[in-house]
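Structure, as C-alpha cells:
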Amino acid sequence: FDGWQAVIATSVITVIVLGGVCNVLCFQLDSQFFHYFGGAENPTLFIANGFVLAALVGALGGWLLFTPSGQRRLDRLIPG
C-alpha cells in the first residue's frame with residue numbers, strides 16, 4: 001500500500017486492534033474493578049469513544065507515515 005490506501009489500511013488495523021481488543025479489555029477492567037472511567041455507568045459512550053479515537057489516531061499515524069506531506073511534517077518535528 002502507498003499513500004491514502006496505506007492511511008486507510010492503518011486506520012482499519014488500528015480500529016481493529018486498539019478499538020476492538022484494547023478498548024474491550026479496558027472496558028471490562030473498568031466496569032468490574034476500577035469504576036473510575038465510567039465504563040459501568042455509560043458503556044455505549046465508553047466503547048464508542050474508544051473506536052472513534054482509535055480511528056482518528058490511526059488516520060493521523062497513517063498520514064504522518066505514508067504520505068509525502070505527513071513525512072515533511074515529521075521531518076520538521078524530528079530533525080535528523
Side-chain angles (χ1 to χ4, degrees):
F1 294 110
D2 198 23
W4 289 106
Q5 289 178 337
V7 173
I8 293 170
T10 304
S11 295
V12 169
I13 292 169
T14 305
V15 166
I16 291 170
V17 173
L18 293 179
V21 178
C22 294
N23 193 28
V24 170
L25 174 66
C26 289
F27 169 71
Q28 292 294 328
L29 288 172
D30 184 56
S31 62
Q32 292 179 11
F33 299 109
F34 302 130
H35 305 289
Y36 186 72
F37 298 105
E41 293 82 16
N42 199 346
T44 305
L45 183 61
F46 190 93
I47 297 290
N49 184 35
F51 279 107
V52 169
L53 288 177
L56 290 174
V57 167
L60 177 65
W63 173 71
L64 287 171
L65 292 173
F66 300 116
T67 63
S69 60
Q71 290 175 356
R72 283 193 302 272
R73 179 70 53 104
L74 276 179
D75 287 339
R76 281 188 280 159
L77 289 173
I78 305 169

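Side chains are part of it too, since the values below use all heavy atoms of this structure and drop only hydrogens, waters and symmetry mates. Numbers for residues simply follow the sequence, beginning at 1. As the structure is a computational prediction, the values presented were derived from the model and not from experiment.
- Taking N49 as the reference, L53 meet the side-chain contact (heavy atoms from CB on, under 4.5 Å) condition, with sequence neighbours excluded.
- Linking Ile, Leu, Val, Met, Phe, Trp and Tyr whenever their side-chain heavy atoms come within less than 4.5 Å leaves L60 and L56 in two separate clusters.
- Both I78 and L65 belong to a single network of hydrophobic side chains, linked directly or stepwise wherever heavy atoms of I, L, V, M, F, W or Y lie under 4.5 Å apart.
- Pairs passing the side chain to side chain donor-acceptor pair (under 3.5 Å) check and including a residue from residues 60-73, sequence neighbours excluded, read W63-T67, W63-S69.
- The side chain to side chain donor-acceptor pair (under 3.5 Å) analysis of residues 11-32, with sequence neighbours excluded, yields the pairs Q28-Q32.
- Annotation for L64 and L74: closest pair O-CD1, 3.3 Å, computed over non-hydrogen atoms.
- For D2 against F66, the heavy-atom pair with the smallest separation is OD1-O, 4.3 Å.
- L29 CG to L25 CG: the interatomic distance, rounded to the nearest 0.5 Å, is 4.5 Å.
- Rounding to the nearest 0.5 Å places CD1 of I8 at 12.0 Å from CD1 of I13.
- Connection of V15 to V17 is not established within any shared hydrophobic cluster, with ILVMFWY side chains joined at heavy-atom distances below 4.5 Å, either directly or through further cluster members.
- Under the 4.5 Å side-chain heavy-atom criterion for grouping Ile, Leu, Val, Met, Phe, Trp and Tyr, F27 is connected to F37 within one hydrophobic cluster.
- Tracing side-chain contacts under 4.5 Å through hydrophobic residues (I, L, V, M, F, W, Y), one never reaches V57 starting from V21; they form parts of separate clusters.
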